[in-house]
Amino acid sequence: MSKKVGLIVPHDYKLLSIAAILEVFETANKLSKGDKKSFEIMLFQSSEQINEKLLFGYEVNSIETSDEMLDLILIPAFTTDNMNEMIAKNRLFIPWLKKQHQSGAELASFCTGAFLFAASGLLNEKLATTHVDACSAFTKAFPLVKLKPEETLTADGSLYTSGGSTSTFHLLILLVQKYCGNEIAVQIAKIFSIDLNRYKQSYFSTFRPNHLHNDTLVAMLQQKIENQYSTIEKLEEITKDIPTSARNMTRRFKQVTGIPPIEYLQNIRVESSKKYLEQTQLSISEIIEKTGYNDPKAFRKVFFKMVGMKPIEYREKFRVQ
């Protein structure tokens, strides 16, 4: 089933940003196997903007009258440096973005599109990035957003942002990978000559569990690990009520997620510890206890293996001020 993707075309949009977004998603559709396209792409404007029924070859929908509930909404970059004026011009998009998000849509902004995204309040207490030259203005305008100026992109739950320039393509590839799989994402990276190594360094250091599957038993175990990671002593404790053998469960789990349950648990614990290091003043010992480790030495060993630096080094580098 095609994912419904809504691209807003606001006042002062940057044509290059719109073009890049459409080009990547159109390419993903061309690479999709079978007759079904991966994405149903729709354009949205406010009623006061709409002058033509077609724009860039797509029918234009009104945010005031359309009843479409979308899977993904994309916010392009802007041409203007006057972000306050831009937000005022595009104020009608804000309640629509909130409504779509409340209905389950994921949202992604590109470059300075983060300003309109943040104006909705949806990025408050969330990680975000934008064009490096706009970071100072962004921080002043939206102090509740956890801005990461050095990041190529951010992913915080169902909310995504990218930096400027080629960072747009890194986020687009991430979204394509999520919805279409790694094979098509790699093909697109090659077509557009995007450096996947840089992409991996900036994003894949964050573990994002794969929930896009139909195996109910694996999903059950994923949920148990994610909800109980801090208290689990042995995996057998949470798998005993799952109606299959431990061996079969491990095989199915690895087949679906790419890693065995024990490694999945370690990833969840390390990601939790990273958030504590970034966002709290808890001591390393307190973080170890909160994330379910009993042996400090084991924790430090696993953390270094997965992150590539010691916990204290990670805190110094990524602590949110």
Side-chain angles (χ1 to χ4, degrees), residues 1-5 28-29 31-39 71-72 104-106 155-160 171 173-189 196 199-201 203-276 288 290-295 298-299 301-308:
M1 185 175 180
S2 300
K3 293 294 181 181
K4 292 185 177 181
V5 177
N29 278 341
L31 295 173
S32 300
K33 296 178 181 178
D35 298 329
K36 202 71 175 178
K37 293 182 178 180
S38 297
F39 303 106
D71 297 300
L72 175 64
E106 297 197 306
D156 198 329
S158 59
L159 309 177
Y160 305 84
L171 179 50
I173 290 171
L174 166 66
L175 295 171
V176 169
Q177 184 193 47
K178 176 173 183 177
Y179 289 110
C180 304
N182 193 61
E183 183 179 346
I184 290 180
V186 170
Q187 285 181 272
I188 288 177
L196 276 179
Y199 172 60
K200 288 180 179 177
Q201 288 168 6
Y203 178 73
F204 282 116
S205 58
T206 299
F207 175 66
R208 291 185 58 79
N210 172 27
H211 295 287
L212 301 177
H213 60 81
N214 298 314
D215 192 319
T216 55
L217 294 185
V218 171
M220 186 186 302
L221 183 52
Q222 283 180 287
Q223 186 176 26
K224 283 176 174 288
I225 292 174
E226 292 166 21
N227 292 340
Q228 304 174 40
Y229 69 88
S230 63
T231 58
I232 296 171
E233 292 186 4
K234 294 183 179 180
L235 281 174
E236 290 79 5
E237 297 171 2
I238 61 170
T239 58
K240 58 187 178 184
D241 61 342
I242 297 179
T244 187
S245 67
R247 184 175 180 181
N248 185 50
M249 185 72 256
T250 299
R251 180 186 61 80
R252 289 171 62 165
F253 195 96
K254 186 173 182 180
Q255 187 175 29
V256 169
T257 68
I259 55 177
I262 186 63
E263 191 173 335
Y264 193 94
L265 173 60
Q266 290 174 342
N267 273 281
I268 294 294
R269 283 175 166 169
V270 168
E271 282 304 312
S272 177
S273 68
K274 285 164 66 178
K275 287 187 177 180
Y276 281 123
I288 290 172
K290 280 185 171 293
T291 51
Y293 283 96
N294 296 318
D295 184 352
F299 166 79
K301 183 177 180 180
V302 171
F303 190 97
F304 187 86
K305 180 181 178 181
M306 292 187 173
V307 182

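The first residue in the sequence is number 1, and the count goes up from there.
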Quiz item: What are the two closest non-hydrogen atoms of S38 and N29, and how far apart are they?
Solution: N-OD1, 3.1 Å
Quiz item: Going through the distances and angles, do Y179 and L72 end up as a side-chain contact (heavy atoms from CB on, under 4.5 Å)?
Solution: CA-CA 10 Å; Y179 289 110; L72 175 64; 4.0 Å; yes
Exercise. Please tell me if the side chains of Q222 and I225 come closer than 4.5 Å, counting only heavy atoms from C-beta onward.
Key: no
Exercise. Kindly write out the residues that satisfy salt bridge (Lys or Arg N to Asp or Glu O under 4.0 Å) with K240, not counting sequence neighbours, or none if the list is empty.
Key: none
Practice problem: Give a yes or no answer on whether the side chain of T250 reaches the backbone of A246 with a donor-acceptor pair at less than 3.5 Å. | Solution: yes
Quiz prompt | Over all atoms of both residues, closest heavy-atom pair of S273 and T291 | solution = N-CG2, 3.7 Å
Quiz prompt | Exam field: side chain S2 to backbone K37, donor-acceptor pair closer than 3.5 Å | solution = yes
Exercise. Would you indicate whether the side-chain heavy atoms of M249 and L221 approach each other to under 4.5 Å?
Key: yes
Practice problem: Check K290 against Y229 and note the closest heavy-atom contact, atom names and distance. | Solution: O-CE1, 4.2 Å
Quiz item: So, the side chain of D71 versus the backbone of A105: is there a donor-acceptor pair under 3.5 Å, distance only?
Solution: no
Exercise. State, yes or no, whether a side-chain contact exists between E183 and K33 at a heavy-atom distance under 4.5 Å.
Key: yes
Exercise. May I ask you to test the C180-F39 pair for a side-chain heavy-atom distance under 4.5 Å?
Key: yes
Quiz item: What closest approach, in Å, do M1 and K36 show between heavy atoms, and which atom pair accounts for it?
Solution: CA-CE, 4.5 Å
Exercise. Please examine the side chains of K305 and Q266, heavy atoms only from C-beta on, and report whether any two atoms are closer than 4.5 Å.
Key: no
Quiz item: What heavy-atom pair brings I238 and I232 nearest, and what distance separates the two atoms?
Solution: CD1-CD1, 3.6 Å
Quiz item: How would you list, by chain and number, every residue that makes a salt bridge (Lys or Arg N to Asp or Glu O under 4.0 Å) with R251, sequence neighbours excluded?
Solution: none
Quiz item: If you take all heavy atoms of I259 and F253, which pair is closest and at what distance?
Solution: O-CD2, 3.2 Å
Practice problem: Decide yes or no for V302 and Y293: does some side-chain heavy atom of the first lie under 4.5 Å from some side-chain heavy atom of the second? | Solution: yes
Quiz item: With a 4.5 Å limit on heavy-atom distance, are the side chains of I173 and V176 in contact?
Solution: no
Practice problem: Could you tell me the separation between the OH atom of Y264 and the CG atom of L235, rounded to the nearest 0.5 Å? | Solution: 12.5 Å
Quiz item: Under the side-chain contact (heavy atoms from CB on, under 4.5 Å) criterion, do N267 and V270 qualify, and how do the steps go?
Solution: CA-CA 5 Å; N267 273 281; V270 168; 5.9 Å; no
Quiz prompt | Within residues 210-237 or reaching into it, pairs that qualify as salt bridge (charged side-chain N to carboxylate O under 4.0 Å, His left out) - sequence neighbours excluded | solution = D215-R252, K224-D241
Quiz item: For the atom pair CD (E106) and CG (L159), what is the distance rounded to the nearest 0.5 Å?
Solution: 8.0 Å
Exercise. Report yes if the side chains of T216 and M220 come closer than 4.5 Å at any heavy-atom pair, otherwise no.
Key: no
Quiz item: Is D295 atom CG crowded by more than 12 heavy atoms from other residues, nucleotides or ligands, each under 6.0 Å away?
Solution: yes
